[in-house]
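Heads up, the thing below is written out as structure tokens.
Owing to the predicted nature of the structure, the values given are computational and were not obtained by experimental measurement. Numbering of ligands and ligand atoms starts at 1, following listing order.
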Amino acid sequence: MHLTRITYCSEIVDNIGSEELSDILDVSRRNNDKNAVTGVLLFNSDFFLQCLEGSRAAVNSVYCRICCDKRHHNVQIMTYDEVSRRLFSGWGMAYLPWTETTRKIISQYSIGAEFNPYQMSAQSAMELLNQLGQLLQKDQE
Ligand SMILES: Cc1cc2nc3c(=O)[nH]c(=O)nc-3n(C[C@H](O)[C@H](O)[C@H](O)COP(=O)(O)O)c2cc1C
């Protein structure tokens, strides 16, 4: 298997509510578990940053579905790589709430005061995801 990781950011459409966000997480977990896809979804009221990892076929297939989703727009790929290990193994789709710890980590990689993945370099996005992956692993131990 060619273990593949994609990271993209997008803008949330205006009229989306917390119920829809929680639906996205539920559907993601259900589908991703079936397809051995793992990852994390970060969002504030304006933006998504998502990392998806799995077989090349599975990652491409879910990414194509996500691109057509009307709940966001301006989808931009930040990274696409073949990788040797997963950062989010064990998480069909991890979600990290805005705690003091996550805020601190995210602010290290953000240019402005608010989370805006469009302003991040691909390298910053990867470093951020690495740190969040480590935080999740630690919480699980
Ligand atoms: C920001 C965002 C992230 C999403 N992430 C995933 C995902 O990781 N996996 C997934 O299956 N669907 C994801 N979705 C939902 C898909 O766009 C699509 O609605 C869903 O895959 C359809 O699944 P269904 O055919 O089982 O209803 C995401 C949608 C958005 C807007």
Kindly indicate whether atom 8 (O) of ligand 1 is approached by any protein heavy atom to under 4.0 angstrom.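 Under the 4.0 Å cut-off, atom 8 (O) of ligand 1 does have protein heavy-atom neighbours.
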Can you check whether L87 reaches R5 side chain to side chain, under 4.5 Å on heavy atoms?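 L87 reaches R5 side chain to side chain.
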Looking only at heavy atoms, is any part of [X] under 4.0 Å from ligand 1, and if so is it the side chain, the backbone, or both, or is it neither?
X: V37; result: neither
X: I66; result: both
X: R71; result: side chain

Determine, using ring centers only, whether Y63 and Y80 are less than 6.0 Å apart.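 For Y80 and Y63, the ring centres are not under 6.0 Å apart.
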Report the nearest protein non-hydrogen atom to [atom]: residue, atom name, distance rounded to 0.1 Å.
atom: atom 20 (C) of ligand 1; answer: V27 CG1, 3.8 Å
atom: atom 24 (P) of ligand 1; answer: N31 ND2, 3.9 Å
atom: atom 21 (O) of ligand 1; answer: R65 NE, 2.9 Å

Any nitrogen or oxygen of D69, side chain or backbone, less than 3.5 Å from one on ligand 1?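 Between D69 and ligand 1, an N or O pair is found under 3.5 Å apart.
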For ligand 1, is there an atom lying under 4.0 Å from some heavy atom of R29?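 In this structure, R29 fails to qualify as a contact of ligand 1 - no heavy atom is under 4.0 Å.
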Using non-hydrogen atoms of the residue, decide whether Y63 is closer than 4.0 angstrom to ligand 1.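 No, Y63 has no heavy atoms under 4.0 Å from ligand 1.
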